[in-house]
**Q** 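Sharing a structure here in structure tokens format.
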Amino acid sequence: MKIGYPCVNESLDCTTTSTFRLASYSDERVELAVGNNLRCLLRILAWNVERQLLFFRIGSGVVPFGSHPINTFPWQTRFAAEFRQVGDFVKAHDMRISFHPDQFVVLNSPDAGIVERSVQELVYQGSMLDLMGLDSTHKLQIHVGGLYGDRDLAISRFIATYRQLPEAVRARLVIENDDRLFSLQDCLRVHQAVGIPILFDNFHHECLNHGEPMAEALRLAAATWHPARDGVMMMDYSSQAHGERKGKHTASMEEDLFRAFLPELGDLDVDIMLEIKDKEASAGRACGILRDVGRLAVSLPAAQ
DNA sequence: TTTTGTCAAGTCCAA
DNA sequence: TTGGACTTGACAAAA
């Protein structure tokens with residue numbers, strides 16, 4: 001089991017997603033930003049290793065305009081060594097990486113242009129994993145997409161697009177149950193058609209479900225992961241922010257809820273991403289709880 | 001130096 | 001019809 005948090009480390013004074021406006025695009029600015037972003041990424045990963053946080057979601061903006069036609073700078077070759085260095089670090093410390101392409105990636109859109117731009121974004125993010133030398137256990141996580149008033153059609157469009165994806169993307173792509181549109185059952189339909197693993201989100205499942213108890217839902221999702229190809233199941237963990245709109249993530253982990261959730265896992269091995277606003281603070285507390293209950297090694301990894 | 005409006009991209013839903 | 005929300009603030013013009 002690995003524990004992680006997404007995209008941002010609030011304890012360090014750097015960002016992995018420094019960028020600039022499209023209107024002020026230049027190759028020089030791309031080169032400067034990518035260099036800074038990759039240096040910061042290594043700092044965060046090193047910080048994480050010291051705290052036994054071995055799962056990390058990298059933000060989509062490491063390469064500014066990474067899938068935009070304006071960006072013709074050869075960042076793949078210019079930063080090959082730096083990406084490789086990140087990948088080597090990840091492998092040396094047995095870490096796991098994911099990406100979560102943002103809401104503009106909609107593979108089931110009826111608009112062919114949107115689908116094409118979405119595929120290009122996935123190609124860009126997958127290529128970063130390729131440059132790092134990381135295999136298909138490191139994932140690209142997206143939602144099924146829009147509903148467009150017809151669930152069956154929306155799902156069948158996703159399936160048709162998925163089948164045409166480049167292999168480098170398809171091997172890494174996983175779908176996440178969302179909190180309003182596509183439930184675990186919808187994701188299972190997609191899985192049954194094309195074999196794509198389901199990244200389970202406990203909070204989204206609480207918001208949208210068909211009555212499956214949490215433990216059963218976890219097992220249904222876990223069964224969609226092929227151990228050799230996909231690795232251990234990934235999941236997102238969060239809980240409701242009190243007094244806020246339904247679906248709003250809590251600002252800080254509620255330890256009682258997290259402790260109550262753990263028995264639902266039974267003997268499942270999972271890597272857990274804490275989608276909680278205070279980032280590494282809650283992830284660190286989760287590690288502490290897991291050591292308490294014996295699900296995480298008590299001793300930190302030996303310094304290297 | 002600090003504040004504030006805006007930023008590549010899509011979709012849904014509440015107001 | 002519009003604004004907010006979504007996995008995540010940060011850039012850059014204006015004050």
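Source: prediction; values computed, not measured. Residue numbers begin at 1 in each chain, while the letters A, B, ... track the order of the sequences.
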**Q** Using atom P in both nucleotides, what's the gap between B:dA8 and C:dA12 to the nearest angstrom?
**A** 10 Å
**Q** Could you name each residue pair satisfying side chain to side chain donor-acceptor pair (under 3.5 Å) that touches residues 119-129 of chain A, not counting sequence neighbours?
**A** A:Ser60-A:Gln125, A:Ser67-A:Glu121, A:Glu116-A:Gln120, A:Glu121-A:Gln125
**Q** On a whole-Å scale, what distance lies between the P atoms belonging to C:dG9 and B:dT11?
**A** 24 Å
**Q** Does A:Val8 belong to the same Ile/Leu/Val/Met/Phe/Trp/Tyr cluster as A:Leu53, with side-chain heavy atoms less than 4.5 Å apart forming each link?
**A**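 Different hydrophobic clusters.
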**Q** What integer number of Å spans the C1' atoms of B:dC7 and C:dG4?
**A** 16 Å
**Q** Provide, to the nearest angstrom, the distance between the OH atom belonging to A:Tyr124 and the P atom belonging to B:dA9.
**A**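 Nearest whole value for this atom pair: 16 Å.
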**Q** Considering non-hydrogen atoms only, spot the tightest contact between A:Gly145 and A:Val106 and give its length.
**A**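 Heavy atoms only, the tightest pair is CA-CG1, 4.1 Å.
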**Q** Assert yes or no for the condition that the ring centre distance of A:Phe182 to A:His143 is strictly below 6.0 Å.
**A** no
**Q** Nucleotide by nucleotide, 5' to 3', does protein get under 4.0 Å of the base (B), only the sugar-phosphate (S), or neither (-) in nucleotides 5-15 of chain C, counting heavy atoms?
**A** SBBBSBBS---
**Q** Do you know the tightest heavy-atom contact between A:Phe200 and A:Ala221?
**A**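 Taking A:Phe200 first and A:Ala221 second, the nearest heavy atoms are CB-CB, 3.7 Å.
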**Q** Rounding to an integer number of angstrom, what distance separates B:dT6 and C:dG3 when you compare their C1' atoms?
**A** 15 Å
**Q** Output the rounded distance in Å from CG (A:Asn108) to C1' (B:dA9).
**A**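 Value for this atom pair: 16 Å.
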**Q** Between A:Leu181 and A:Val105, is there shared hydrophobic-cluster membership here, with clusters defined by ILVMFWY side-chain heavy atoms closer than 4.5 Å?
**A**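 As far as the 4.5 Å side-chain criterion goes, A:Val105 and A:Leu181 are connected within one cluster.
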**Q** Once you round it to whole Å, what is the distance between C1' of B:dT11 and CG of A:Leu147?
**A** 10 Å
**Q** Within this structure, what is the CG-to-P distance between A:Leu22 and B:dC7, rounded to whole angstrom?
**A**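 Roughly 11 Å, once rounded to whole Å.
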**Q** Please enumerate all protein N or O atoms sitting under 3.5 Å from an N or O of nucleotides 1-4 of chain B, with distances to 0.1 Å.
**A**
none

**Q** Taking distance alone, no hydrogens or angles, what donor-acceptor pairs closer than 3.5 Å link side-chain atoms of residues 27-34 of chain A to residues at least two apart or in another chain?
**A**
| residue | atom | partner | partner atom | Å |
| --- | --- | --- | --- | --- |
| A:Asp27 | OD1 | A:Tyr25 | OH | 2.9 |
| A:Arg29 | NH1 | A:Ser24 | OG | 3.4 |
| A:Glu31 | OE2 | A:Arg78 | NE | 2.6 |

**Q** In terms of hydrophobic clusters joined by side-chain contacts under 4.5 Å, are A:Ile58 and A:Phe65 together?
**A** yes
**Q** Classify the nucleic acid contact of A:Leu181 as base, sugar-phosphate or nothing, counting any heavy atom under 4.0 Å across all strands shown.
**A**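 Sugar-phosphate, backbone atoms only, no base.
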**Q** What would the secondary structure line of DNA chain B be in dot-bracket form, counting Watson-Crick and G-U wobble pairs under 3.5 Å, with [ ] for pairs that cross earlier ones and | for pairs with another strand?
**A** |||||||..||||||
**Q** Compute the centroid of each ring, for A:Tyr5 and then for A:Phe56, and state whether the two points are separated by less than 6.0 Å.
**A**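 Ring centres of A:Phe56 and A:Tyr5 closer than 6.0 Å.
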**Q** Answer with base, sugar-phosphate or nothing: what part of the nucleic acid does A:Phe65 contact at a heavy-atom distance below 4.0 Å?
**A** base
**Q** Answer yes or no for A:Arg157 and A:Tyr148: cation-pi contact, defined as NZ/CZ to six-membered ring centre under 6.0 Å and angle to ring axis within 45°.
**A** yes
**Q** Which residues pass the disulfide (SG to SG under 2.5 Å) test with A:Cys14, not counting sequence neighbours?
**A**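 If we apply the disulfide (SG to SG under 2.5 Å) test to A:Cys14, skipping adjacent residues, the hits are A:Cys40.
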**Q** Take atom P in C:dA10 and the same atom in B:dG10, then report the distance between them in whole Å.
**A**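 After rounding to an integer number of Å, I get 23 Å for this pair.
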